Structures are given as C-alpha cells and as structure tokens.
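Below: the structure, in structure tokens.
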There are 2 protein chains.
Amino acid sequence: MKGMKGARVGNADDDKHAGLSIGEVADATGLSVHALRFFEREELFLRPIPRTGGGRRVYAAADVEWLALCNRLRASGMPIAELKRFAGLVRSGPGNEAERLALLQEHERAVRARIEELDASLEIIHGKVLAYEKHVREGTAAGVWAPTASR
Amino acid sequence: MKGMKGARVGNADDDKHAGLSIGEVADATGLSVHALRFFEREELFLRPIPRTGGGRRVYAAADVEWLALCNRLRASGMPIAELKRFAGLVRSGPGNEAERLALLQEHERAVRARIEELDASLEIIHGKVLAYEKHVREGTAAGVWAPTASR
DNA sequence: GCTTGATCTAGATCGCAGTCTAGGTTCTAG
DNA sequence: CTAGAACCTAGACTGCGATCTAGATCAAGC
C-alpha cells in the first residue's frame, strides 16, 4: 500500500472522499502538481485551498469541477490572465453575473473565430495535400516545387 | 515621396516590381521586418535572399508567395521547427515529395484534431453562456455560482 | 551636402505558461 | 523506528516565437 497517495486508510471516508490531496487532484484533472501550485499562486481558484495541520493542501470535489472548466477554457485558448479575471468574478460572489456572461461570450466569439481561421487554413493545406498526392501518384508537377522559384 | 520605401523611382519597373524591399514584404505579408529577418536566420526561406550592393535584402514575388503559405501553416499551429523541416525539403529540390506529403498530411491531421478539440470546448462554453444568459434574464441560479462551492 | 527614413548585424530582452530544483517536512506501511 | 513516497516553499529555469536595442550604413529628396 505504498503508492496510494493521500487516501487515509481505514478512515471510513475511503468512499466519501471528503478531501483530496494534490496528487489525487493532479490525477483527476491531468494537471501536474506543479501546475496546481502554480494555479494557486496565480489565484485561479475560487477560494483559498485549505491545509491539513501539516500544511498540505486539501481539495474538495468542487475544486476539481472548477479545474475541469478551467481546462476547457485553457484548451480553447483562454489566457491565464483572463481565466484569472473570471475566477475573480466568481469568487466575489453574486452581483456580477452580467460581467461573467460578457467575458464568456467574448471568449466564445474568440473560439468561433479561431475555428474559422483553422478551417480556412485547413482548406489551403488540404489543397496542398491533394496536389502532392497527385504529384506523387502521377509525377505531374501540378503544385509548385522548384527550390528557387517557390512553394 | 518620402515614405515610399524601396520603390526605385523612374526605374521603369514601377509596375514590373522586379525586387521587393524588406519593408514592402512586411507590408505584403503582415510579418514584421524583425520577423522576416528572424525567419531568414531560422532558414525558413527556400533560398538565400539576395542583397543589393549596399547589403539590403531583395525579395522576389515567389518569396512573398512562400511566406503566404508559411503564414497559413503557422496560423494553423505548425511550429517553426516543422516549418523549417518542410522548407528544407522543398529547398533540396525534387525527390522527396513523398516526405513533404507525409509532413503535410500529418499537419492536416493535427489541424483537424485541433478543430475537434475546439468544437468540444465550444460546446461546453456555449452551455455556460446559455446558463448565464438565463440566469441574468430570470435570476434563476441554474449554473453554479457560490464562491465557495464551485463554478 | 545634409537630413531623414529605411535598412543592416549581433545580440539582449520579453511574455507566456508552465516546469524543475533545492532543501526541507509529513505521513504511513512495515 | 525507519524508509520512502508524497508533500511543502521560494525561486530559478525552460522553450517558443518573436520583438527590441544599439550602433552603424545606405538611399533619396531638397
């Protein structure tokens, strides 16, 4: 029972999972323990993460859920600074929902724009792929290949 | 006629545009002159860019076309290192088309995967936006908002 | 000829988002 | 009691992709 991380054995909350260690949260979210500490320094959590008597972080399921959303926002290109702003809004409680909405809408807009840009690039790239496929298949220099000329 | 950069006045190739200055290429491609020099150091061009007697770079239309493709590849997330590899393949002339094709196919695959990831994130984010819109409209706490709890 | 703007090289610096290190401390199984 | 895994803090370092600086040169219009 060495590599069992923070699971307090025979603690009766083996199932209830009252608190999670940083390692468990890392496993659950895919973030590294380094990243989790970094996120905390950057104030990306919705609350100060509480500690055990020994000084270790004790996360709740809600923190993991929040991190899952953070992961989505990050994966869709939201910079840390903006995520931080969002976290700050949520942290300061009700009353700023319109602001949060605006932030999310703006991000949604950005993501859609990014997807469109990728679609446009994809079209070009796919065109190149087709040209090269044809070239490789038939030997016809339909794309452009001369080292000096271009492409 | 001060800000006319590299256009050689009355040189008869006002229209033919035999050679472009770095500034003109910057304007044409959206890359900064710094970036263009950086690209050259990184060997991303298909040829050594020739110089005037005075040591200034003289680009050809083909270079601009190549940069346009580079921009597309970069915009779709291709790292400089991979672009460099591609440039190297093209530079070394015919005979490696299959390798170029493989590189482009792999990139196409990566771009499609990235788009799918963004689509997935977008769905989540849009869901949040809808929840917040409803909340702001109706005051119903349908999303999750408590500062301590989560979200 | 002189001023002004564009360009040159080499190298330093930047922002982002972590990642890693050093030097400890805490826990838990055996 | 002890080994070893997991954890702690503060701060240094990394990789990428530029971007900027310094100090000089070149080119064009007046």
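Residue numbers start from 1 in every chain, and the chains themselves are labelled A, B, ... in the order their sequence lines are given, proteins ahead of strands. Only a predicted model underlies this, so the values are computations on that prediction, with no experimental measurement involved.
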Check: B:Glu117 side chain, B:Ile115 main-chain N or O, donor-acceptor pair, under 3.5 Å = no
remark   = Per atom distances to the B:Arg41 side chain, the nearest of C:dC8, C:dG11, D:dA18 is C:dG11
ask   = Quick one: is C:dG18 close enough that its OP1 or OP2 comes under 4.0 Å of any side-chain N or O from A:Arg74?
value = yes
ask   = Is the backbone N or O of B:Pro79 less than 3.5 Å from a side-chain atom of B:Glu82, with the two atoms forming a donor-acceptor pair by type?
value = no
task = Rounded off to whole Å, could you give me the CG-to-P distance for the A:Leu31 and C:dT19 pair?
result = 9 Å
inquiry  = From the set D:dC8, C:dG18, C:dT7, return the single nucleotide nearest to any side-chain atom of B:Ser21.
reply    = C:dT7
query = Taking only side-chain nitrogens and oxygens of A:Arg57, does any of them come within less than 4.0 Å of OP1 or OP2 of D:dC8?
reply = yes
message = Please check this pair: side chain of B:Glu97 against backbone of B:Gly95, looking for a donor-acceptor N/O pair closer than 3.5 Å.
response = yes
note = Taken to the nearest whole Å, CZ/B:Phe38 to P/C:dT9 is 15 Å
query = With distance as the sole test, does A:Asn71 use its side chain to make a donor-acceptor pair with the main-chain N or O of A:Thr29 at under 3.5 Å?
reply = yes
task = Respond yes when some side-chain nitrogen or oxygen of A:Arg37 is under 4.0 Å from OP1 or OP2 of D:dT9, and no when none is.
result = no
ask   = Tell me: CG of A:Leu20 to P of D:dC7, nearest whole Å?
value = 11 Å
task = Check whether any side-chain N or O of A:Thr52 sits under 4.0 Å from OP1 or OP2 of C:dC27, and answer yes or no.
result = yes
request  = Ignoring backbone atoms, test whether B:Arg51 places a side-chain nitrogen or oxygen under 4.0 Å from the OP1 or OP2 oxygen of C:dT9.
outcome  = yes
key: Shortest side-chain distance from B:Ile22, nucleotide among D:dC8, D:dG17, C:dT7   = C:dT7
ask   = Nearest to the side chain of B:Ala35, which nucleotide is it out of D:dA18, C:dA17, C:dT19?
value = D:dA18
ask   = What integer distance in Å separates B:Phe39:CZ from C:dT9:C1'?
value = 19 Å
ask   = Separation of A:His34 atom NE2 from D:dC8 atom P, in whole Å?
value = 11 Å
inquiry  = Assuming nearest nucleotide by heavy-atom distance, tell me which of A:Arg56 and B:Gly54 is located more 5' along DNA chain C.
reply    = B:Gly54
message = In this structure, how many angstroms lie between the P atom of C:dT7 and the OH atom of B:Tyr59, rounded?
response = 9 Å
